[in-house]
There are 2 protein chains.
Amino acid sequence: MSQQELKKAGLKATVPRLKILKILEAKQGKHMRAEDVYKCLLASDEDIGLATVYRVLTQFEQAGLVVRHHFDGGHSVFELDQGEHHDHMLCVKCGRVDEFVDDIIEERQKAIAEQGGYKITDHSLHIYGVCPACQKNAA
Amino acid sequence: MSQQELKKAGLKATVPRLKILKILEAKQGKHMRAEDVYKCLLASDEDIGLATVYRVLTQFEQAGLVVRHHFDGGHSVFELDQGEHHDHMLCVKCGRVDEFVDDIIEERQKAIAEQGGYKITDHSLHIYGVCPACQKNAA
DNA sequence: CCACTAATGCAAAAGCTTCTCATTTCTATA
DNA sequence: TATAGAAATGAGAAGCTTTTGCATTAGTGG
């Protein structure tokens with residue numbers, strides 16, 4: 001019951017928050033922009049403002065329920081936090097996004113942060129390139 | 001002579017481009033937002049529009065003269081391309097930015113891209129954390 | 001030196017995100 | 001269960017960075 005999740009996170013169990021959480025669950029694994037979430041709400045005949053979507057997503061982020069990724073172009077995407085950190089590989093042609101995890105890189109990052117005296121809070125690694133499909137199309 | 005550099009890059013040697021290039025050279029090693037460059041121009045009594053700054057920086061980027069980094073918060077910073085790729089470690093408290101290079105990570109990225117069938121064009125790694133100074137302040 | 005094309009400045013617009021504030025909705029409490 | 005107070009919401013305005021349209025100006029090759 002998601003109502004519990006919200007309360008546990010210190011958030012009131014309001015209608016908008018429940019709906020948005022449900023959408024994120026439904027789209028698990030996808031990267032949703034605030035606008036995308038908003039469109040889903042409209043499609044479900046929910047009367048929830050875009051401003052609220054932004055507010056709720058930010059709260060979810062702070063509560064640790066979702067992760068926000070800052071992609072190039074100045075927009076953010078959100079997805080449910082599945083516990084495991086992952087990085088992204090993006091196609092510059094079609095916008096496709098692949099996820100990956102690499103223990104060696106994770107480890108090196110920790111080492112580098114430590115070396116610089118930083119207490120690491122987060123990190124993001126984006127690889128930009130041309131995906132297999134787009135390479136074929138170009139050829 | 002920077003006039004040569006511009007021509008070699010296929011760009012007309014115009015006043016705004018020369019001025020902006022000079023500023024970037026003066027601020028070498030720093031990360032400049034378009035706005036920062038613009039302020040420098042104003043401070044030098046140059047009558048160059050912000051729109052031109054953006055245009056020129058983008059051209060410089062395409063010409064390979066400068067590198068653009070997309071930092072969190074939806075804004076870009078620019079710096080002269082010094083030939084060597086480097087990644088960034090940012091303090092979430094004070095905004096300090098440190099640069100680093102790690103061959104192991106570079107290598108792993110290439111391997112991961114290859115594995116996914118991607119033809120890599122670029123990549124960015126940002127480590128967010130609290131810098132030594134800010135840790136001290138907090139304590 | 002001149003004509004042609006490219007570049008510039010300004011202001012307006014665009015895109016994403018945040019803020020304001022009056023109104024509504026939760027929730028703890030009686 | 002009713003209710004007061006705090007927190008959340010919706011709608012639109014505003015904020016910021018970045019881009020664009022267009023008339024004007026400035027390089028450049030010949």
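Computed from a predicted model, the values in this text were never measured in an experiment. In the text below, chain A, chain B and the rest are named by the order of the sequence lines, each starting its count at 1.
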Inset, instruction - With rounding to the nearest 0.5 Å, note down the distance linking CG in A:L125 to NE2 in A:H86. - result: 11.5 Å
Legend entry - Pair A:F71 and B:H70, ring centroids less than 6.0 Å apart: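 No, the ring of A:F71 stays outside the 6.0 Å limit from the ring of B:H70, centre to centre.
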Legend entry - Within the 6.0 Å centroid threshold, strictly below: B:F78 and B:H31: no
Inset, instruction - Could you say whether A:V15 or B:L11 is positioned toward the 5' end of DNA chain D, judged by the nucleotide with the nearest heavy atom to each? - result: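 With A:V15 and B:L11 compared, the 5'-side residue is A:V15.
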Pairs: protein N or O with nucleotides 1-7 of chain D N or O, under 3.5 Å:
from: D:dA7; atom 1: O4'; to: A:K12; atom 2: NZ; distance (Å): 3.1

Would you kindly give the [atom1]-to-[atom2] distance between [X] and [N], to the nearest whole Å?
X     : N      : atom1 : atom2 : value
B:L18 : D:dG27 : CG    : C1'   : 11 Å
B:Y38 : C:dC10 : OH    : P     : 7 Å
B:L6  : D:dT28 : CG    : C1'   : 14 Å
B:Q3  : D:dA26 : CD    : P     : 16 Å
A:Q59 : D:dT9  : CD    : C1'   : 11 Å
B:L41 : C:dC10 : CG    : P     : 12 Å
B:Q62 : C:dA7  : CD    : C1'   : 15 Å
A:Q4  : C:dT27 : CD    : P     : 11 Å

Inset, instruction - Please answer: with hydrophobic residues joined when any side-chain heavy atoms are less than 4.5 Å apart, are A:Y54 and A:L6 in the same cluster? - result: yes
Inset, instruction - Give a yes/no answer on whether the side chain of B:T14 brings an N or O atom under 4.0 Å of OP1 or OP2 in C:dA6. - result: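 No.
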Legend entry - Under-4.0 Å side-chain N/O to phosphate OP1/OP2 contact, B:K7 with D:dT28: yes
Inset, instruction - Classify every nucleotide of nucleotides 13-19 of chain C by which part a protein heavy atom approaches to under 4.0 Å, writing B for the base, S for the sugar-phosphate alone and - for neither, in 5'-to-3' order. - result: ---SBBB
Inset, instruction - With side chain to side chain donor-acceptor pair (under 3.5 Å) as the test, would you mind laying out the steps for A:H126 and B:Q109 before giving the verdict? - result: CA-CA 9 Å; A:H126 298 161; B:Q109 287 185 36; over 6 Å; no
Legend entry - Over 12 foreign heavy atoms within 6.0 Å of CD, B:Q28: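 Yes, CD of B:Q28 has more than 12 neighbouring heavy atoms, counting only those of other groups under 6.0 Å.
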Inset, instruction - Scan for side chain to side chain donor-acceptor pair (under 3.5 Å) pairs involving residues 6-15 of chain A, sequence neighbours excluded, and state none if there are none. - result: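 Those involving residues 6-15 of chain A do not exist here.
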Legend entry - Donor + acceptor pair across side chains of A:H75, A:E35 (<3.5 Å): no
Inset, instruction - Classify the side-chain pair B:R17/B:T52 by whether it contains a donor and acceptor separated by less than 3.5 Å. - result: no
